[in-house]
Amino acid sequence: MSLSAHSAIRAKLNNTLKPDHLEVHNESHMHAVPPGSESHFRVLVVSSQFEGLPLIQRHRLVNEALKEELSSCVHALAIQAKTPEQWGTNPTLAKSPPCMGGSKGDHTMQAKLKAGQE
């Protein structure tokens with residue numbers, strides 16, 4: 001049996017970035033997708049591997065770790081990538097804006113959701 005998208009995201013980020021703090025939030029319920037979907041996520045990753053890297057490089061590391069999920073079942077990923085020092089001075093998770101219904105026009109969404117469940 002394959003891991004849920006949530007579990008796969010958590011496992012891959014833990015293994016790849018060895019975070020001091022990790023939060024994985026399934027925000028699919030806030031979007032125009034079927035109930036129980038795992039298509040929209042927000043992650044907060046606090047890792048010393050981000051030291052000295054610009055934000056774009058941090059996001060690339062996260063995206064690279066999750067390339068399989070991003071190419072199949074995950075439609076959207078919001079990333080907060082902080083160093084331990086940044087987390088120490090601002091230990092907050094940003095809130096996602098309300099859904100504007102953008103996935104309603106994504107004709108690949110149903111196929112991605114189906115692929116993620118197989």
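It should be emphasised that the depicted structure is a prediction, and the values quoted were computed from it without experimental measurement.
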Heavy-atom closest pair, residues H59 and A81: CD2-CB, 4.4 Å

Student check: side-chain heavy atoms of R42 and E23 closer than 4.5 Å: no

Residues that E64 engages under salt bridge (Lys or Arg N to Asp or Glu O under 4.0 Å), provided they are two or more places apart: K67

V24 versus R10, closest heavy-atom pair with distance: N-NH2, 3.6 Å

Sub-4.5 Å side-chain heavy-atom contact between K82 and T92: yes

Value rounded to 0.5 Å, distance of CD in E85 from CD in E51: 7.0 Å

Reported CD-to-CZ distance for the pair E27 and F41, which is rounded to 0.5 angstrom: 9.5 Å

Exercise: identify the closest heavy-atom pair between V45 and F50: O-CE1, 3.4 Å

Which residues share a side-chain contact (heavy atoms from CB on, under 4.5 Å) with L53, sequence neighbours left out: Q57, R58, L61

Atom pair OG (S71) and CG (N63), whose distance is rounded to the nearest 0.5 Å: 11.5 Å

Smallest separation among heavy atoms of L13 and P19, with atom names: O-CD, 3.5 Å

Distance (rounded to the nearest 0.5 Å) between E69 CD and L77 CG: 10.0 Å

Main-chain N/O of T83 paired to Q86 side chain as donor or acceptor, under 3.5 Å: yes

Approximate separation, where rounding is to 0.5 Å, of I9 CD1 and L70 CG: 7.5 Å

More than 12 heavy atoms of other groups within 6.0 Å of E68 CD: no

Closest approach of G88 to P91 (non-hydrogen atoms, all atoms of both residues): O-CD, 4.2 Å

N/O donor-acceptor pair under 3.5 Å between S47 side chain and L17 backbone: yes

